[in-house]
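Order of the sequence lines sets the chain letters (A, B, ...), proteins ahead of strands, with each chain counted from 1.
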Amino acid sequence: MNNENEFTGADILLKALKDQEVDTIFGYPGGAVLPIYDAIFGQNFLKHVLVRQEAGAVHAAEGYARSSGKVGVLLVTSGPGVTNVVTGLTDALMDSIPIVCISGQVPSHLIGTDAFQECDTTGITRPCTKHNYLVKDVTKLSETIHEAFKIANSGRPGPVLIDIPKDVQFAKAKYIPKKDISFREHRIKAGSKSVDKNFVEELVNHIKKSDRPIFYVGGGCLNSGHQASQELIKLVNKTNIPITTTLHGLGCFPGEDKSSLGMLGMHGNYEANLAMNKCDLMINVGARFDDRVTGRLDAFSPDSIKFHIDIDQSSINKNVKVNFHTNTDITLTLKEINSFIESNNIDFSDKDYSHWWGQINEWRKKDCLHYEQGDEVIKPQHAISRLYELTKQKDTFVTTEVGQHQMWAAQYYKFSKPNRWITSGGLGTMGFGMPAAVGAQMANPDSLVIDIAGEASFLMNIQEIATAVQYKLPIKIFILNNEYMGMVRQWQELLHGSRYSESYVDALPDFKKLAESFNAVGVRAKNISELDDTINEMISIDRPVIADIWVDKKENCFPMIPSGAAHHEMLLSKYDKENPENQEKGKVLV
Amino acid sequence: MSSTSVYPTPINAFKQSKRSVLSVIVDNEPGILARIVGLFSGRGYNIEALNVTVVDVKKNLSRITIETLGEERVISQIIAQLEKLVPVHSATNLANLSESYEAEICLVKIEFENEEQDQKILNFADIYRSRTVQKRENIVVYEISGTSERINKFLDDLDTIGGIKVELVRSGPIGLGI
Ligand SMILES: Cc1ncc(C[n+]2csc(CCOP(=O)(O)OP(=O)(O)O)c2C)c(N)n1
Ligand SMILES: [Mg+2]
C-alpha cells in the first residue's frame, strides 16, 4: 500500500527538524544513518556541516546553541560515531546547553546480538543526557523528536539524544506536526510559571536592611535569555549593589561597569572573593555553588543571608544551604523584583552602601590582575589584553579551550553582552573551543569569532580546521603557546615540588605550516614588538587563521584559591608588592 | 591533590543517617528503572530495598518504592534529582507525609531436624501471626507481612532456635500516603 500521507522515518525526521526551525546540523555519516543522509541529499532547507570527528559535531552544536540561544543539532552514526560524542554530551549536561543528538542504531532485529557497530547507546548516554530515547516504532518518531526539542530547551536546558534504528528510518508512518502535539506537563519540567511574591518581598526587604549585599550571578542568567540580563542591569543600577559573576555568568552584566567585581572563584578577582566572604546578603541568580566557586564549604560566606533564584530545584541546598529560594525563571523573577520596587516607590538612594563600597575599593587597590610586561617575551595576560583592546569595537564571540589561557581570557577579556563568551566550565573539556568556534561562526556568519587556545588543547580537535576551511568559516585560533600544559605545570609547581611530570608539550607542530597545509592562514608573534601587528593581521584576514603567539612559558595564573582552601586564603601573584612572602607561605600551606 | 594538603578533610561528625522510604510514580517505559538505579549509583546514594510494579495499566504508570539511608539534606537532594527525571511524575518521602502506611511481605522456608525445633517455630509463627503456606515432614514455609521492623524481629527470634536452616525472600517495604 502506498499511502501519500505516509513518510519514511528519515523523512519524518527532516520534517520535524524543519518544523522546529532547525536550519543547521553538524554531523558525520556512517552505515546506520545512511537513510537519513539520503533524505538530507535531496533537500535545501537544512545545511549539513560535515565535521571531521564526531566530537567536533557535538562541540560545534554547543557553540551554535550558546551563541544563538537556539537548540544545537547533530547527527552521528551508531557505535563509534555515538561513543565519540559522549564527552560533548557530558559537557552540555554540566553546562546546561540545549542540544539534540540524533544517532543511528543497528536494525531493531539485530539489537542485542553484538552486531557490527552496535553499542548500547541509550545505556551509555543515560547518565550524560538530560533524557534519551530509543525509538522502536516509527509511529512514535514525530512525537519523540518534538518532545526531545521541548525537553532540551525547557527549564534547565541540556542535551537530549534520540537513537533511531536503521529499519525505523526506512519504515513509514504519518508525520505529526509540532502544533498537533500536546506535551505531557510532568515530562517537560519547565519550572514554575508564577513568581513567588513572598520571595520578592523578602528579598527587597533584606536589600533594604543589609549593609554588605552582593549579587552572585551564574550561567542560569544566560539561559534565561537576554531579557534576564537587561532586568539584572536595571536592578543593579537601581540598588548600587556590587555584582560578581561565575565563569559562565560573564557577559550577563557589562564587565567594565563600575559595579562589576569581575569573576569569582578559584581564579577569580581578589575583591570578588573577599566580598563574597564578607557579605551579609548574597543574592544568587542562576549559579550553582560549584566547588570551584565556593572553595572550602565551611568557610564559604559565613555571615550572609542567602537568596537563590534557580529554575533547577536540585541546585537549591545541594552544596550550600540557603535561607530563601525560588524555582521560577530568572527573567520573570527579576522583572517582578524591579516592578515591585517601582510600584512601591522604594528608594535606595539613602542606601548607597558607601561603607561597603569603601571596603571593596580598598580590596580593588590590590590590583590583583596586575602583571608586568617586559620588552621581549610576551606575557600571556598582555596578549589577551591586547586582543581585547583590538577587537572590542566589534561584536566578538570568544570561545576557549581549557587551561591557563582560558582563565586569562576570563580575567582580561571583558564582555558586555550575554552569549559572547563560550567556554567549557563544568567539565573543563580540552578540545572544546575550536569546534565550538565553528558552531558559533555558523550561527553568526558576520561576526568575529575567536578561539582563545592553548597549544595542547588545540591539538585535541585540530582536525576541525578542515571543517572551517571547507565551509569558509573565518574563525581565528589565537594560541597562547607556552609549550606546556600550563595549568598542569602550574599545579605541579605549586603543589608537587616543581616536578613537571609529563606536562611539557614536546614535538609541537609548526602551527604556521600546519595552517597552510590545511589551506588556512598561519601568523605568528615571537615577541612583544610583533604582537599588535599579528593580532591586526589575524583580524583582517577573511579566512580561518591560526595565530601562534609565543608567550612566557613559566607564567602562572593568579589569584588562585587552591582547591580545598577558603575565599580569604587566596594566593596572589609574584607582582603583589604588599605581601611578598605571601607566596612562599602559600605554597607550604597547600 | 588532597593527600598533600594540610587543610583538614571535613568530617561530617554530625551526619545523621536516617532510613527513608521514597515512593515514586513514573511512566512505565523502557529504561526507567535503569535511570533511577543509575541516579543512585552515580551520585553515591544507597538503595537498601527496591520494589517496582505497574499500578495503573490504563495510564501506564508504575510505582517504585525505594528504601534508602541518608541525612535529611541528602534525602531532599535525592527527591529533587528523582523529580528531574523526565518520566517521573512525583517522588515523595513517606516520612514527610502527615500519615502513611508501610508494609512488607516475606516468605520464609525453614528446615528443622526435631520436634522441639518445630514447636518453637510454631510458637513464633503463632505470635507473629504468619500464614503457613506449605508444611511437609521437616519443612515449613510461612508468609509474614507487616512493617519491615516486625519482619526483622520475627527473623531475629527464629535465629535464636539453633540448628535450623532458613531461606527467605523479602519484597522490601512498600507504602502509601493516607
Ligand atoms: C580532555 C582533557 N584532558 C585533560 C585535562 C586536564 N587539563 C586541564 S588544563 C590542561 C593543560 C592544557 O594545556 P594547554 O591547552 O596548552 O593550555 P595552557 O594551560 O597551557 O594555557 C590539562 C591537561 C582536561 N581538562 N581535559
Ligand atoms: Mg599550553
Flag the one option from Asp312(A), Leu297(A), Ile188(A) with the top tally of heavy-atom pairs under 4.5 Å to chain B. Asp312(A)
Looking at [X], I'd like to know if its [atom1] atom is crowded, meaning that more than 12 non-hydrogen atoms belonging to other residues, nucleotides or ligands lie closer than 6.0 Å.
{"X": "Lys165(B)", "atom1": "NZ", "value": "no"}
{"X": "Glu29(B)", "atom1": "CD", "value": "yes"}
{"X": "Tyr500(A)", "atom1": "OH", "value": "yes"}
{"X": "Glu143(B)", "atom1": "CD", "value": "yes"}
{"X": "Glu72(B)", "atom1": "CD", "value": "no"}

Toward chain B, the part of [X] with a non-hydrogen atom under 4.5 Å:
{"X": "Asn327(A)", "value": "neither"}
{"X": "Lys136(A)", "value": "neither"}
{"X": "Lys318(A)", "value": "both"}
{"X": "Asn132(A)", "value": "both"}

Region of [X] in contact with chain A, defined by heavy-atom distances below 4.5 Å:
{"X": "Arg35(B)", "result": "both"}
{"X": "Glu83(B)", "result": "backbone"}
{"X": "Leu85(B)", "result": "backbone"}

Atom of [X], atom of [Y] and distance for their closest heavy-atom approach:
{"X": "Arg187(A)", "Y": "Asp27(B)", "value": "NH1-OD2, 2.8 Å"}
{"X": "Glu147(A)", "Y": "Val86(B)", "value": "OE1-CG1, 4.5 Å"}
{"X": "Ala34(B)", "Y": "Arg126(A)", "value": "CB-NH1, 3.0 Å"}

Are Pro87(B) and His131(A) side-chain neighbours, meaning at least one heavy-atom pair lies under 4.5 Å? yes
One pair to check against side-chain contact (heavy atoms from CB on, under 4.5 Å): Gln313(A) and Ile79(B). What are the steps and the verdict? CA-CA 10 Å; Gln313(A) 171 87 48; Ile79(B) 300 256; over 6 Å; no
Verify side-chain contact (heavy atoms from CB on, under 4.5 Å) between Lys84(B) and Lys130(A), making sure each step is shown before the conclusion. CA-CA 9 Å; Lys84(B) 269 172 83 171; Lys130(A) 188 173 172 187; over 6 Å; no
